[in-house]
Trainee: 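Pasting in a structure now, in structure tokens, and then I'll have a few things to ask.
Order of the sequence lines fixes the chain letters, A, B, ..., with proteins taken first and strands second; residue numbering starts at 1 for each chain.
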Protein chains: 2
Amino acid sequence: MTQSRPRIVPEATVARLAVYLRVLAGLADGGRSHVSSGELAAAAGVNPAGLRKDLSYLGPCGVRGVGYSVAGLQERLSAALGVERSRACVLVGMGRLGAALADYAGFASRGFEFVGLLDADPARVGDRVSGCTVRPVEELESVVAGTQASIGVITTPAEVAQSVCDRLVAAGVRSILNFAPVALSVPAGVDVRKVDLSVELQVLAFLDQQRDGGPPPVVVPVPAGAGGAR
Amino acid sequence: MTQSRPRIVPEATVARLAVYLRVLAGLADGGRSHVSSGELAAAAGVNPAGLRKDLSYLGPCGVRGVGYSVAGLQERLSAALGVERSRACVLVGMGRLGAALADYAGFASRGFEFVGLLDADPARVGDRVSGCTVRPVEELESVVAGTQASIGVITTPAEVAQSVCDRLVAAGVRSILNFAPVALSVPAGVDVRKVDLSVELQVLAFLDQQRDGGPPPVVVPVPAGAGGAR
DNA sequence: GCGACTTTGTACCTGCGTTCACAAGCGGTT
DNA sequence: AACCGCTTGTGAACGCAGGTACAAAGTCGC
Ligand SMILES: NC(=O)c1ccc[n+]([C@@H]2O[C@H](COP(=O)([O-])OP(=O)(O)OC[C@H]3O[C@@H](n4cnc5c(N)ncnc54)[C@H](O)[C@@H]3O)[C@@H](O)[C@H]2O)c1
Ligand SMILES: NC(=O)c1ccc[n+]([C@@H]2O[C@H](COP(=O)([O-])OP(=O)(O)OC[C@H]3O[C@@H](n4cnc5c(N)ncnc54)[C@H](O)[C@@H]3O)[C@@H](O)[C@H]2O)c1
């Protein structure tokens, strides 16, 4: 047995690793060969020490006094995130949001390929989106089986999201990205991530309202450094 | 001095409050007058005790032995989240994603109204999307000023996101929802929330890969209750 | 070849979020 | 009118994530 997985990586760290990987791609395009944690952290909008701690979960991958090798870090992060081999994805619900996602070049360039697009509306079936033909939702099981898709994306109306999810899971999909505003129930061993855009707006509205009512007429309650990014 | 703000609400709680509010809307449509924390928590996909703690930040708003009044909670949550008065939003970058967002009925029904749609592409200018005309990005400042928009949504390519952000902030927008894959720098007092869909997929890919490499040939390492939602 | 500087990697600490568990309060019932 | 069961609200403990500070280590300059 290899000792390759002595440390477990927190999920919050995994999300940031993906951000670092994207920033590294930009640096590589710019011809850079090395980066310091400070520079990388600034570009990613995080604390330098936190970035180093994130990277340390993968074992030592930098050189003290010099920084990190851009190419080396890219390879290390790609391996850790499982982006080495590209992942097959199926998308159910080719509405406005689903069409935007399926047609987005940023996914393919990061190793995510949509191998199945499904919709219940006969008017949508047959459309070609970025090299893939929309197929009737009845073929969900056969498409998943035939493509060995590992990720399912749900962009259907909320009412049918659970049933679509159940069918995806039954067909063998163990990772689901859900855009419908419902909490999906899945058996153990299946991972669901939910993107809820209404919630994002409402959090902003809350912060806005709190900001107006919050700070009394004191000067400015912000001691931290200028121009922070988030 | 009023004692109306003795408690501060954690941001993670605020996000869940928005979910509760949506679930309540569904219950109200179903004619329900009261709910227990257990039922609400199941529908929202969270822990019942956590839900009660979340609600307790707003002060006591339930009746012991009975549960929560659906209508009462809706009102309480709407007030806390600042959804009483509808919020004016401007969206910059009417591409595929921007068009899907601007045309989404779920925002308007929750009090978020797009009062300004902006794009740099002359071919897009003049399009009408859900009752609003796309205008050239040069008019950004006048649109923000004229509509008193409080929330800015950025769906432009990553390269121009920072400059668009700067113009929004300069025009008076203090809440920004960013879909471009870059970390935005903003002055203190401005809130930014970032939605990064590539990261969501990469986290799923990581979990998938970890799942395959993680559990050795033991039976099933999952003792917890069945059918958890997330 | 040696010293000093730079940058990583990590140990410690602080604060937040989540969960468990229990006491307080209200309605319904007899 | 008093009891009983149900549900809320909250106190305390736990675990985790983030930030600070420092020591190890390697390189560059002399
Ligand atoms: N568009 C947005 O900006 C936005 C924002 C937040 C959330 N959402 C959520 O994303 C989901 C999709 O939104 P949208 O705007 O694209 O809606 P949409 O109506 O444009 O698209 C939904 C698509 O799902 C298809 N569909 C319906 N039932 C189906 C089934 N059983 N199997 C397969 N396909 C089915 C429809 O034919 C349609 O093409 C909704 O749940 C919505 O709440 C969308
Ligand atoms: N579509 C997706 O599924 C998806 C997923 C993840 C992230 N994103 C991100 O969202 C953003 C938009 O994605 P998209 O697929 O809609 O791209 P798109 O190219 O379809 O749309 C971009 C729009 O922005 C406009 N634009 C360009 N420069 C502008 C400027 N300076 N001012 C105003 N408008 C300008 C363009 O004219 C175009 O209409 C990108 O940053 C992308 O990385 C999109």
Side-chain angles (χ1 to χ4, degrees), chain A residues 6-20 24 27 32-70 72-73 76-77 80 183 203 207 222-225 228-230, chain B residues 6-20 24 27 32-70 72-73 76-77 80 183 203 223-225 228-230:
Chain A
R7 341 193 181 196
I8 61 126
V9 185
E11 200 162 307
T13 289
V14 175
R16 284 189 297 269
L17 292 181
V19 176
Y20 306 153
L24 284 169
L27 290 172
R32 295 287 301 272
S33 66
H34 287 270
V35 230
S36 69
S37 64
E39 190 178 0
L40 203 61
V46 300
N47 186 294
L51 179 140
R52 291 198 297 271
K53 173 170 277 194
D54 285 340
L55 294 181
S56 75
Y57 284 108
L58 311 180
C61 39
V63 180
R64 298 175 188 232
V66 176
Y68 300 91
S69 154
V70 171
L73 246 196
R76 195 65 99 75
L77 290 179
V203 170
L207 293 173
V222 182
R230 200 188 312 174
Chain B
R7 338 190 184 202
I8 60 126
V9 185
E11 200 163 308
T13 291
V14 174
R16 284 189 297 266
L17 292 180
V19 176
Y20 306 153
L24 284 169
L27 290 171
R32 296 286 301 274
S33 66
H34 287 271
V35 232
S36 69
S37 62
E39 190 177 0
L40 241 178
V46 300
N47 186 294
L51 180 141
R52 291 199 296 274
K53 174 159 275 197
D54 284 341
L55 295 180
S56 75
Y57 284 108
L58 312 178
C61 39
V63 181
R64 296 171 188 238
V66 177
Y68 300 91
S69 155
V70 172
L73 245 197
R76 194 66 98 77
L77 291 179
V203 171
R230 202 189 311 174

Trainee: Quick one: list whatever passes salt bridge (charged side-chain N to carboxylate O under 4.0 Å, His left out) with A:Arg16, sequence neighbours left out.
Mentor: A:Asp54
Trainee: What is the distance, to the nearest angstrom, from the CG atom on A:Leu40 to the C1' atom on C:dG9?
Mentor: 16 Å
Trainee: Apply salt bridge (charged side-chain N to carboxylate O under 4.0 Å, His left out) to B:Arg64 and list each qualifying residue two or more places apart in sequence or on a separate chain.
Mentor: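 Salt bridge (charged side-chain N to carboxylate O under 4.0 Å, His left out) list for B:Arg64, sorted by chain: empty.
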Trainee: Please give, in whole Å, the distance from D:dT8 P to B:Glu39 CD?
Mentor: 10 Å
Trainee: Rounding to a whole Å, what distance do you find between B:His34:NE2 and D:dC6:P?
Mentor: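 Rounding to the nearest Å, NE2 of B:His34 and P of D:dC6 are 18 Å apart.
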Trainee: Give the rounded distance in Å between these two atoms: OH of A:Tyr68 and P of D:dT27.
Mentor: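 Taking OH of A:Tyr68 and P of D:dT27, I get 15 Å after rounding.
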Trainee: Counting only side-chain nitrogens and oxygens, does A:Ser37 get under 4.0 Å of the OP1 or OP2 atom of C:dT8?
Mentor: yes
Trainee: Quick one: does A:Leu73's side chain get under 4.5 Å of A:Leu40's, heavy atoms only?
Mentor: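 Yes, side chains in contact.
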Trainee: Please list, for nucleotides 15-19 of chain D, all pairs of protein and nucleotide N/O atoms separated by less than 3.5 Å.
Mentor:
unit_1	atom_1	unit_2	atom_2	d
D:dG18	OP1	A:Arg16	NH1	2.8
D:dG18	OP2	A:Arg16	NH1	3.3
D:dG18	OP2	A:Arg16	NH2	2.7
D:dG19	O6	A:Lys53	NZ	3.0

Trainee: To the nearest 0.5 angstrom, please state how far the OH atom of A:Tyr68 sits from the CG atom of A:Leu27.
Mentor: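 The CG atom of A:Leu27 is 14.0 Å from OH of A:Tyr68, to the nearest 0.5 Å.
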Trainee: What is the distance, to the nearest angstrom, from the CZ atom on A:Arg76 to the P atom on C:dT8?
Mentor: 15 Å
Trainee: Would you mind listing every salt bridge (Lys or Arg N to Asp or Glu O under 4.0 Å) that reaches into residues 40-53 of chain A, with sequence neighbours excluded?
Mentor: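 For residues 40-53 of chain A: none.
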Trainee: Just wondering, do A:Val63 and A:Ser69 contact through their side chains at under 4.5 Å, heavy atoms?
Mentor: no
Trainee: Please report the interatomic distance CZ(B:Arg76) to CG(B:Leu55), rounded to the nearest 0.5 Å.
Mentor: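 That separation rounds to 9.5 Å.
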Trainee: The criterion is side-chain contact (heavy atoms from CB on, under 4.5 Å); which residues satisfy it with B:Ala80, sequence neighbours excluded?
Mentor: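 Testing B:Ala80 for side-chain contact (heavy atoms from CB on, under 4.5 Å), a comparison that skips the adjacent residues, returns B:Leu58.
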Trainee: Separation of A:Leu51 atom CG from C:dT7 atom P, in whole Å?
Mentor: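 Between P of C:dT7 and CG of A:Leu51: 14 Å.
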Trainee: Could you list, one pair per line, each protein nitrogen or oxygen that sits under 3.5 Å from a nitrogen or oxygen of nucleotides 22-26 of chain C, together with the distance?
Mentor:
unit_1	atom_1	unit_2	atom_2	d
C:dA24	N3	B:Arg64	NH1	2.7

